[in-house]
Amino acid sequence: MKLTILGGGGFRVPLVYGALLGDHAEGRVSRVTLYDTDAGRLTAVARVLAEQAQGVPDAPEVVATDDLDEALRGADFVFSAIRVGGLAGRAADERVALDQGVLGQETVGAGGIAYGLRTVPVALDLARRIARLAPHAWVINFTNPAGLVTEAMSRHLGDRVIGICDSPVGLGRRIARVLGADPDRAWIDYVGLNHLGWVRALHIDGRDELPRLLADPALLGSFEEGRLFGADWLRSLGAVPNEYLHYYYFNREAVRAYQEAEQTRGAFLRDQQEGFYARMKDPAAPALATWDRTRAEREATYMAENRDAAGAGEREESDLESGGYEQVALALMRAIARDERTGLILDVRNRATLSVLDADAVVEVPCLVDANGAHPVAVDPLPYHAVGLVTAVKAVERAVLEAAESGSRSAAVRAFALHPLVDSVTVARRLVEGYREVHPGLAYLDRP
C-alpha cells in the first residue's frame with residue numbers, strides 16, 4: 001500500500017512514520033512518498049525518518065520528491081499536511097489581527113480566516129489534481145483550518161476526503177482517564193465543527209459517566225480543560241468544550257494575553273523550527289534526537305497564553321499526550337484498507353447529522369469507518385448556545401470559500417465581519433487590506 005504525504009518536509013511527519021513503523025499487519029503501508037516544495041526541509045525530515053527506521057525490519061520505503069504529479073500517481077492514500085506561507089505566514093496572520101485588537105490564532109478568528117484565504121485555492125488545485133491522477137485514492141486532510149479545507153476539497157473529491165484532528169480524541173482520552181476508565185473502551189459523544197465542538201457524554205459500557213465528572217470539582221480540576229475553563233463554567237454548560245473554545249468564552253483575556261506575550265505562538269514556532277532545520281544541515285547532527293527535543297518543547301508550550309490567562313499553570317505530564325493525529329490517521333487507513341470497522345471522530349460531510357446545517361457542510365462528529373469510508377453517526381440536536389456558534393462559523397467558512405473561488409474582496413470582508421470574534425465591519429475591511437499587504441498570495445482578491 002502506498003502513502004503520499006503532501007507537506008512531506010513538515011515537522012510532524014516523523015509522528016506519522018513512527019506510527020507506520022509500529023504497524024506490522026498484512027496490507028500495511030510499504031512505501032511513503034514525501035512531497036514538498038522545499039528541498040532542504042525534505043532532506044531534513046528524510047534524515048529523521050531514516051534514523052527512525054534503523055533496526056526495524058521491513059520499514060516502509062521512503063521516497064522524497066518535489067514533483068507533485070509523480071508523488072500522486074499510484075497513491076492509495078494521500079495525507080495532506082501543507083502549510084501555505086509557512087510559519088512566517090502564520091506569524092504575520094497573528095500580528096495583523098492583534099494590531100487591530102482581535103484574535104490572530106491559526107485556525108480561530110481573523111488569523112484562521114486569513115490562513116483559509118491563503119490555503120483554500122491551493123487545496124482546491126490539489127483536489128483537482130488528485131481526482132485526475134489518483135481517482136481511487138483516499139485523502140486524509142490535516143491541513144488547517146481542517147474543517148474548511150476538507151469542505152473545499154470535498155467539492156472535487158466528495159466523500160473520498162476525510163479530515164482529522166487530534167483535539168477531540170485527546171480530550172476524550174483525558175476525560176476517560178480522569179474517570180478511571182480505559183480510553184479505548186469509551187464512546188465519546190462529541191459534536192460540532194473542527195476546533196469548535198463539545199463532549200456532551202462519555203459512555204463506558206453503555207453508561208454516561210460525564211455527569212459524575214461534572215459533579216466533582218476535584219476531578220474537574222485534575223485535567224487541562226477543567227483548569228482552563230473552570231469547574232463552574234463546565235457545570236453551567238453541562239459539557240466539556242474543545243480547548244479552542246477558550247478563545248470564544250474568554251476572548252478578551254486571550255487577546256490581552258497574546259498582546260502582552262513576548263512573541264506570538266506562530267513566531268515562536270517559526271524561530272524554533274528554523275533552528276531545527278538549520279541544525280539539520282550539519283551531517284553530524286543526530287537527526288532523531290534533535291527532532292525529539294524540539295517536539296517536546298513544542299508540546300510543553302502549547303496554548304501557553306491561554307493557560308496563563310486562566311491561571312491554569314504549566315501543562316502536566318498527563319496532559320501532554322494528544323489524541324495522536326498520527327494514530328487517528330493510521331486507524332482510519334486501516335479501517336478503509338482492511339475493512340476493519342472502527343469508530344473515530346472525523347471531519348466529514350454532514351449529510352443529515354446536524355439539522356441546522358446542509359448536507360454538504362463538513363462537521364466534526366463520531367463516525368463509523370469501513371471499506372466504504374467514514375459514515376457520520378446520528379447525534380442529538382445541538383443546544384441553542386452551540387447552534388449560534390456553529391452556524392455563525394459555518395457562514396464564515398462559506399464566505400471564505402466564495403472569496404477563494406471567485407476572488408471577491410467583498411466576500412472576504414464578509415467572512416471577517418461575520419465572525420463572532422471580529423466585532424466591526426470597519427475592522428474587517430482593515431484586516432482584508434492588512435493581510436493583502438503582507439501576503440502577496442492574496443492579490444487574487446481583486447474583484448468587488
Less than 4.5 Å apart, side chain to side chain, heavy atoms only: is that true for [X] and [Y]?
X	Y	result
Asn251	Leu103	yes
Pro241	Leu234	yes
Tyr325	Leu15	yes
Val363	Val390	no
Leu421	Val102	no
Val56	Gln54	no
Thr342	Leu344	yes
Leu171	Ser167	no

Okay, side chain of [X], backbone of [Y]: is any donor-acceptor separation there less than 3.5 Å?
X	Y	value
Asn141	Ala146	yes
Asn350	Asp358	yes
Arg200	Asp380	yes
Thr264	Ala267	yes
Thr143	Ser80	yes
Lys394	Leu389	no
Thr391	Val387	yes
Arg47	Met280	yes
Tyr258	Gln263	no

Check this for me: does any side-chain nitrogen of one of [X] and [Y] sit under 4.0 Å from a carboxylate oxygen of the other?
X	Y	value
Glu106	Arg83	yes
Asp23	Arg28	no
Arg298	Asp271	no
Asp216	Arg212	no
Arg256	Glu253	no
Glu225	Arg174	yes
Arg118	Asp93	yes
Asp166	Arg12	yes
Arg173	Asp184	yes
Glu61	Lys2	no
Arg334	Asp339	no

Can you see whether [X] engages [Y] through a side-chain donor-acceptor pair at a distance of less than 3.5 angstrom?
X	Y	result
Thr107	Asn144	no
Glu94	Gln105	no
Tyr435	Tyr115	no
Tyr190	Asn242	yes
His375	Asp370	yes

Exercise: identify the closest heavy-atom pair between [X] and [Y]:
X	Y	value
Glu51	Ala285	OE2-O, 4.4 Å
Tyr277	Ala44	CD2-CB, 3.7 Å
Leu21	Pro60	CD2-CD, 3.7 Å
Ala186	Ala176	CB-CB, 4.4 Å
Gly172	Ile188	CA-CD1, 3.4 Å
Gly10	Asp36	N-OD2, 4.0 Å

Exercise. Using 30° and 60° as the class limits, which term best fits the ring planes of Phe142 and Phe79: parallel, tilted or perpendicular?
Worked result: parallel

Exercise. Taking the inter-plane angle between the rings of Trp198 and His385 on a 0 to 90° scale, is it parallel (under 30°), tilted (30 to 60°) or perpendicular (over 60°)?
Worked result: perpendicular

Please report the interatomic distance [atom1]([X]) to [atom2]([Y]), rounded to the nearest 0.5 Å.
X	Y	atom1	atom2	answer
Glu209	Leu214	CD	CG	11.5 Å
Gln327	Ile164	CD	CD1	10.5 Å
Thr4	Ile140	OG1	CD1	11.5 Å
Leu3	Phe77	CG	CZ	8.5 Å
Trp291	Gln273	CH2	CD	11.0 Å
Arg398	Leu148	CZ	CG	10.0 Å

For this session: Compute the centroid of each ring, for Tyr249 and then for Trp233, and state whether the two points are separated by less than 6.0 Å.
Result: yes

For this session: Quick one: do Glu151 and Arg349 satisfy salt bridge (Lys or Arg N to Asp or Glu O under 4.0 Å)? Show the steps, please.
Result: CA-CA 7 Å; Glu151 185 164 330; Arg349 291 202 286 187; over 6 Å; no

Problem set entry | Non-neighbouring partners of Arg351 that pass salt bridge (Lys or Arg N to Asp or Glu O under 4.0 Å), sequence neighbours left out | Asp159

Exercise. Given Leu354 and Val191, is the side chain to side chain contact (heavy atoms under 4.5 Å, CB included) satisfied, shown in steps?
Worked result: CA-CA 9 Å; Leu354 294 179; Val191 63; 3.6 Å; yes

Exercise. Where do Val32 and Val63 land on the side chain to side chain contact (heavy atoms under 4.5 Å, CB included) test, with the steps shown first?
Worked result: CA-CA 6 Å; Val32 177; Val63 176; over 6 Å; no

Problem set entry | Residues Phe276, Thr290; criterion side chain to side chain contact (heavy atoms under 4.5 Å, CB included); working and verdict | CA-CA 7 Å; Phe276 165 75; Thr290 303; 3.9 Å; yes

Problem set entry | CA sep, side-chain torsions, deciding dist, call: Ile336, Ile162, side chain to side chain contact (heavy atoms under 4.5 Å, CB included) | CA-CA 11 Å; Ile336 293 175; Ile162 301 168; 4.2 Å; yes

